[in-house]
Amino acid sequence: MGKFVLGAVLALTLGAGTAFAEVPKPAAQAWSFNGVFGTFDRAALRRGLQVYTEVCAACHSLSLVYYRHLQSVGFSEEEIKTLAREFEVEDGPNDDGEMFTRPAKPTDPFASPFPNAQAARAANAGALPPDLSVMTKARKGGEDYLHAVLVGYRDEVPAGVEVMEGLFFNEYFSGQQIAMPPPLADGAVEYADGTKATVQQMSMDVVTFLAWAAEPTLEDRKRLGIKTLLFLLVLTAMLYALKRKIWSDVH
Ligand code: HEC
């Protein structure tokens, strides 16, 4: 009897286990900013900004990033002003006590698509598109995971999986059903530098941009690390030479 119950419990647990397919581990990508000497690929950053503003910004805010921050990665003041002017932000109150909208300025954070979380949910079938400012730091797997989710939509749903109304099958999202409609399709943007806008390319570019957004000081951090190591190396050599000198007549 005991054996039977144990068997039944085991069968049930294993059976339940197979109903949820295992979420695969995102593959590691060759990011330009990986490694000790890694830096953000400037061309990819520009393309990524374009993908964010033309595609993702329709649903996702980036409220910790300011337009002026783009100066640190080679955007000119004029370029930043032009970019900011394309967005409307709320300001005020004015002298009549009323809020008003005006074109964004370089000193504004990236404009949010929705005035508040409720409006964002209402426009997205109840799901909240999260702010993307520090998203690459907020998810296990970081950039590799973000890229995997962006390219992880499948037309053919595996047998036995039933996708709920309003959700989309995504191999890498936890639970494999995501409320975000596939945001990228080949040719969704037209790159100014002539790069072919495949889903793979746009995803790598926008994730590079989001990695910069989450850690704009990454390059400074690495540079300081390298300088510190060099300094320690030189100091060690000097101390060693000094030690040899001080002890040279002790035999
Ligand atoms: C039509 C609106 C819409 C667009 C456009 C859109 N998203 Fe989303 N996104 C959502 C919603 C809604 C969610 C929440 C999904 C959920 O919780 O099931 C989401 C979730 C996410 C997540 C979080 C996944 C997680 O692990 O929680 C990331 C990352 C993301 N989107 C990135 C992007 C990027 C990058 C773009 C542009 C290429 C983009 N999204 C375009 C609506 C959108």
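Positions are given from 1, in the same order as the sequence printed here. In listed order, ligands and their atoms are each counted from 1.
For atom 14 (C) of ligand 1, the nearest protein heavy atom (residue, atom name, distance) is Leu128 O, 3.5 Å. Of the protein's non-hydrogen atoms, the one nearest atom 24 (C) of ligand 1 is Phe173 CE1, 3.9 Å. Counting only heavy atoms of the protein, atom 18 (O) of ligand 1 lies nearest to Ala179 N, 2.9 Å. Closest to atom 26 (O) of ligand 1 among all protein heavy atoms lies Tyr145 OH, 2.5 Å.
Checking Ile178, Val189, Val149 against atom 15 (C) of ligand 1, the nearest heavy atom belongs to Ile178.
Tyr191 carries Arg47 over the face of its six-membered ring, with the cationic atom under 6.0 Å from the centre and within 45° of the normal. A cation-pi arrangement, defined by a distance under 6.0 Å to the six-membered ring centre and an angle within 45 degrees of its axis, is absent between Arg68 and Phe75.
Within ligand 1, counting atoms from 1 as listed, the ones closer than 4.0 Å to a heavy atom of Met135 are 29 (C). Each of the atoms 5 (C) of ligand 1 lies under 4.0 Å from some heavy atom of Val55. For ligand 1, the atoms closer than 4.0 angstrom to any heavy atom of Leu146 are 29 (C).
Using a 30° and 60° split on the angle between ring planes, His147 and Trp31 fall in the perpendicular class, above 60°.
Around atom 8 (Fe) of ligand 1, protein N, O or S atoms at less than 2.8 Å number 2.
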So Tyr145 and Tyr172, ring-ring contact (aromatic ring centres under 6.0 Å, His included) or not? Walk me through it.
-> CA-CA 8 Å; Tyr145 166 75; Tyr172 291 92; 8.0 Å; no
Trace of the side chain to side chain contact (heavy atoms under 4.5 Å, CB included) decision for Val73 with Arg42 | CA-CA 7 Å; Val73 277; Arg42 296 298 191 265; 3.9 Å; yes
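Nearest heavy-atom pair, Asn34 versus Gln29, reported as atom, atom and distance to 0.1 Å: ND2-O, 3.4 Å.
Looking at heavy atoms from C-beta onward, Leu218 lies in side-chain contact with Phe33 at the 4.5 angstrom threshold.
Remark: side-chain polar atoms of Ser61 are not paired, donor with acceptor, to backbone N or O of Ser112 under 3.5 angstrom. In this structure, Asp41 contributes its side chain and Ser32 its backbone to no donor-acceptor pair below 3.5 Å. Side chain of Asp186 to main chain of Val199: a donor-acceptor pair is present (N/O by atom type, distance under 3.5 Å, no hydrogens or angles).
Screening Leu146, Val51, Val149, Asp144 for a side-chain contact (heavy atoms from CB on, under 4.5 Å) with Val207, the sole residue that qualifies is Leu146.
Taking a 4.0 Å cut-off on heavy atoms, Leu150 registers as neighbouring ligand 1.
Residue contacts with ligand 1 for Arg139 involve side-chain atoms from C-beta outward but no N, CA, C or O (heavy atoms, distance under 4.0 Å). Residue-level proximity to ligand 1 for Leu184 is carried by the side chain, the only part with a heavy atom below 4.0 angstrom.
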